[in-house]
Enquirer: 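Can you keep this structure in mind? I'll have questions shortly.
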Amino acid sequence: MSPRQEITVHRAKINDAGKIAAFINRARSGQPEINEQAVIVRFRNVGFLLAEQDGNLVGMLGWRIENLIVQVSDFMVWPAQDRFAVGQALFSEMERAATELQCEVALLSLPGPRPPDLIKFCETFGYVLKTVTNLPKAWREAAHEARIGDDESILMKQLRSNHVRRPL
C-alpha cells in the first residue's frame, strides 16, 4: 500500500462543475441528486475551493467576499475519516486568500440546525460561536443576509484586529 499524497487545494473553475456534482451526490448518498447545471448556477453566487488527495475530490468550500467579510456558505468533506486534515487545508486556503484581500472576519453561514459535533469541528480551526446582536454592524448585516437573526448565533473567526470604519 503506497502512502497517501498530501491534500492540495485549488480554486474551482466552471469546467469542474461535473466533478463537484458527482462529489456532492456521493457524499449525500440517498438524498436528491444535483446535476452539473445546478453547480454552474451556484457559481453565480459563490466561488469554490476544492481539496484533492490521490487524484480524488475529498472536500469543497463555497465562499464569497463582500465588504471585507468572507462568508462560507458551503462546506463538505467526504469521506469523513480525513475531515480534520481536509478541513484544515480548505479553511487555511480560504483564510489566506481572505487575509490578502484585507477581510476582517470569516462568517460560517452553515445550515441549521447545526449539530454540536459540527460546532466543535469548526472550533478546532479557531471559529467561535457569537450571538449576531453582539457583532459590529457590517458583520451583523452579513449575518442577516445569510438569514441568521439577531438572537441567533453564527460561527466566526476574526481575521484582522482592526475594523475598517471608512472605505480606503
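All residue numbers refer to positions in the sequence shown, counting from 1.
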Enquirer: Above 12 or not: heavy atoms from other molecules or residues under 6.0 Å from CG of Asn67?
Expert: no
Enquirer: Indicate yes or no for a side-chain donor-acceptor contact from Gln53 to the backbone of Gln5 under 3.5 Å, with no hydrogens or angles considered.
Expert: yes
Enquirer: Evaluate Glu52 against Lys19 for salt bridge (Lys or Arg N to Asp or Glu O under 4.0 Å), listing each step before the verdict.
Expert: CA-CA 11 Å; Glu52 294 187 353; Lys19 180 177 12 176; 2.7 Å; yes
Enquirer: Parallel under 30°, tilted from 30 to 60°, perpendicular over 60°: which one fits the rings of Phe125 and Phe84?
Expert: tilted
Enquirer: Tell me the closest heavy-atom pair linking Met60 and Leu90, and the distance in Å.
Expert: N-CD1, 3.6 Å
Enquirer: Do the charged groups of Glu145 and Arg64 touch, with an N to O distance under 4.0 Å?
Expert: yes
Enquirer: Could you tell me how the ring of Phe75 sits relative to the ring of Phe91: parallel (under 30°), tilted (30 to 60°) or perpendicular (over 60°)?
Expert: parallel
Enquirer: Examine distances only and state if a side-chain atom of Gln31 and a backbone atom of Arg28 form a donor-acceptor pair shorter than 3.5 Å.
Expert: no
Enquirer: May I ask you to say whether Glu33 pairs ionically with Arg26, meaning some side-chain N is under 4.0 Å from a carboxylate O?
Expert: no
Enquirer: If you count heavy atoms of other groups shown closer than 6.0 angstrom to CG of Asn15, is the number above 12?
Expert: yes
Enquirer: Considering non-hydrogen atoms only, spot the tightest contact between Leu57 and Ala51 and give its length.
Expert: CD1-O, 3.3 Å
Enquirer: Between Arg42 (side chain) and Val39 (backbone), is there a donor-acceptor pair under 3.5 Å?
Expert: no
